[in-house]
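When a residue number appears, it is its place in the shown sequence, counting from 1.
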Amino acid sequence: SAFVHPKYHRPPKPNHNDLIVLVLEKKTTVKPRRVASSALIDKAKEGRAVGFGNVDRNGMFGYGVKRQVDVPIASAACAGKIGGRTDASFYGCAKLMEIVAGKQLLARDSCTGDSGGPFYIAGPRNTWLLAGATSRASDDAISNCGDGGIYVRVDKYREWIEDVSKVKLPK
């Protein structure tokens with residue numbers, strides 16, 4: 001079963017609440033990744049995007065191969081300011097609900113085909129904790145790939161995810 005967030009594509013911000021939960025028909029033996037706490041996400045300076053998307057700005061090459069990239073976090077909660085503008089107006093993110101990572105001309109980022117993939121932050125004892133789900137390029141990006149991305153904060157949707165999936169997410 002697939003559950004699209006009920007407020008996805010609703011005005012005033014059509015890209016916000018960009019989250020879908022897929023519930024598998026059969027149980028799996030794979031242990032789920034722990035979800036990062038809000039406090040850890042708010043303090044994080046770097047994250048790791050993982051996906052199977054393309055590797056070029058034109059969307060022609062690289063699909064189907066799992067890759068990962070470490071990127072700096074520009075705004076952990078879309079709640080700051082840049083040059084007198086709010087993060088929300090500069091990056092196009094949802095205040096308190098999304099992470100912005102990467103930056104212009106970094107040439108390291110998530111890309112087309114990575115949507116929905118995990119965004120991790122470092123946890124205690126060399127662990128990786130789930131912090132977000134890949135959504136889209138930031139509004140300030142020159143290209144859809146390599147110039148910064150927006151990741152939906154999983155901690156902010158924990159209750160909804162647990163409700164629709166009937167699964168308690170590990171902390």
Side-chain angles (χ1 to χ4, degrees), residues 1-10 13-53 65-81 86-88 90-103 106 108-111 113-138 148-171:
S1 300
F3 299 91
V4 177
H5 193 275
K7 292 185 179 177
Y8 177 58
H9 268 318
R10 296 259 174 93
K13 300 289 184 181
N15 291 324
H16 296 183
N17 302 301
D18 184 12
L19 202 57
I20 187 169
V21 173
L22 299 175
V23 178
L24 303 177
E25 289 181 9
K26 299 177 191 171
K27 289 196 182 273
T28 178
T29 58
V30 177
K31 187 176 178 182
R33 185 77 62 169
R34 289 180 35 225
V35 176
S37 69
S38 296
L40 280 176
I41 296 171
D42 289 340
K43 291 190 304 188
K45 301 292 182 213
E46 185 175 78
R48 175 171 287 171
V50 178
F52 291 84
V65 176
K66 181 179 172 185
R67 293 183 178 83
Q68 66 186 33
V69 64
D70 294 341
V71 290
I73 292 177
S75 181
C78 186
K81 287 194 172 194
T86 65
D87 285 354
F90 186 80
Y91 295 118
C93 51
K95 185 175 182 180
L96 304 177
M97 303 301 281
E98 294 179 320
I99 300 165
V100 180
K103 62 182 181 179
L106 183 63
R108 292 184 298 151
D109 196 2
S110 52
C111 201
D114 290 326
S115 294
F119 184 78
Y120 299 115
I121 61 168
R125 297 177 298 284
N126 296 320
T127 60
W128 288 100
L129 305 173
L130 181 63
T134 304
S135 179
R136 62 195 181 278
S138 59
I150 296 177
Y151 304 85
V152 177
R153 283 183 59 148
V154 175
D155 62 316
K156 301 298 184 178
Y157 293 89
R158 176 186 286 274
E159 187 176 307
W160 176 74
I161 294 168
E162 290 178 343
D163 183 51
V164 299
S165 68
K166 308 296 186 237
V167 172
K168 183 83 172 146
L169 297 176
K171 291 183 179 183

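- In terms of heavy atoms, Lys66 sits closest to Val50 at CE-CG1, 3.7 Å.
- You'll find the side chain of Leu129 stays beyond 4.5 Å of the side chain of Val35, heavy atoms only.
- Between Gly102 and Ala74, the shortest heavy-atom contact is O-CB, 3.9 Å.
- Here the CG-OG distance, from Leu22 to Ser1, works out to 9.5 Å after rounding to the nearest 0.5 Å.
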Worksheet item: So Val23 and Phe3, side-chain contact (heavy atoms from CB on, under 4.5 Å) or not? Walk me through it.
Response: CA-CA 8 Å; Val23 178; Phe3 299 91; 3.7 Å; yes
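- The nearest pair of heavy atoms linking His16 to Gly92 is NE2-O, 3.5 Å.
- In this structure, the side chains of Ser138 and Phe90 stay at 4.5 Å or more apart for every pair of heavy atoms.
- Between the OG atom of Ser165 and the CG atom of Leu24 there is a distance of 10.5 Å, given to the nearest 0.5 Å.
- Residues Tyr151 and Pro118 are not in side-chain contact: their nearest non-hydrogen atoms beyond the backbone lie 4.5 Å or more apart.
- For Thr134, there are no side chain to side chain donor-acceptor pair (under 3.5 Å) partners two or more places apart in sequence or in a different chain.
- The shortest side-chain heavy-atom distance between Pro72 and Glu46 does not fall under the 4.5 Å cut-off.
- Closest approach of Cys78 to Ala94, counting heavy atoms only: CB-O, 3.5 Å.
- Between Leu19 and Trp160 the shortest side-chain heavy-atom distance falls below 4.5 Å.
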Worksheet item: Are Glu162 and Val167 close enough, and set up right, to give a side-chain contact (heavy atoms from CB on, under 4.5 Å), and what steps lead you there?
Response: CA-CA 5 Å; Glu162 290 178 343; Val167 172; over 6 Å; no
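- Lys45 meets the side-chain contact (heavy atoms from CB on, under 4.5 Å) test with no other residue; sequence neighbours excluded.
- Contact between Ser135 and Ser115 at its shortest, heavy atoms only, is O-OG, 3.5 Å.
- By the ring-ring contact (aromatic ring centres under 6.0 Å, His included) test, Tyr157 pairs with His5, sequence neighbours left out.
- Put simply, the side chain of Val152 does not reach to within 4.5 Å of the side chain of Val154, judged on heavy atoms.
- Using a distance-only test at 3.5 Å, with no hydrogens or angles considered, a donor-acceptor pair links the side chain of Arg153 to the main chain of Ala76.
- Considering CZ of Arg33 and CG of Leu169, their distance stands at 14.0 Å, rounded to 0.5 Å.
- Within the 4.5 Å cutoff, the side chain of Lys171 has heavy atoms near those of the Arg158 side chain.
- The heavy-atom pair separating Ala77 from Asp42 by the smallest distance is CB-OD1, 4.1 Å.
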Item to complete: Tell me, with the steps shown, if Asp87 and Lys95 meet side-chain contact (heavy atoms from CB on, under 4.5 Å).
Response: CA-CA 8 Å; Asp87 285 354; Lys95 185 175 182 180; over 6 Å; no
Item to complete: Let me see the working for Lys156 and Glu98 under side-chain contact (heavy atoms from CB on, under 4.5 Å), right down to the final yes or no.
Response: CA-CA 9 Å; Lys156 301 298 184 178; Glu98 294 179 320; over 6 Å; no
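- No side-chain donor-acceptor contact under 3.5 Å links Arg48 to the backbone of Tyr120.
- Checking each of Ile150, Asp114, Ile73 against Phe119 for a side-chain contact (heavy atoms from CB on, under 4.5 Å) leaves exactly one that passes, namely Ile73.
- The line from CD1 of Ile99 to CD1 of Ile121 is 7.0 Å long, rounded to the nearest 0.5 Å.
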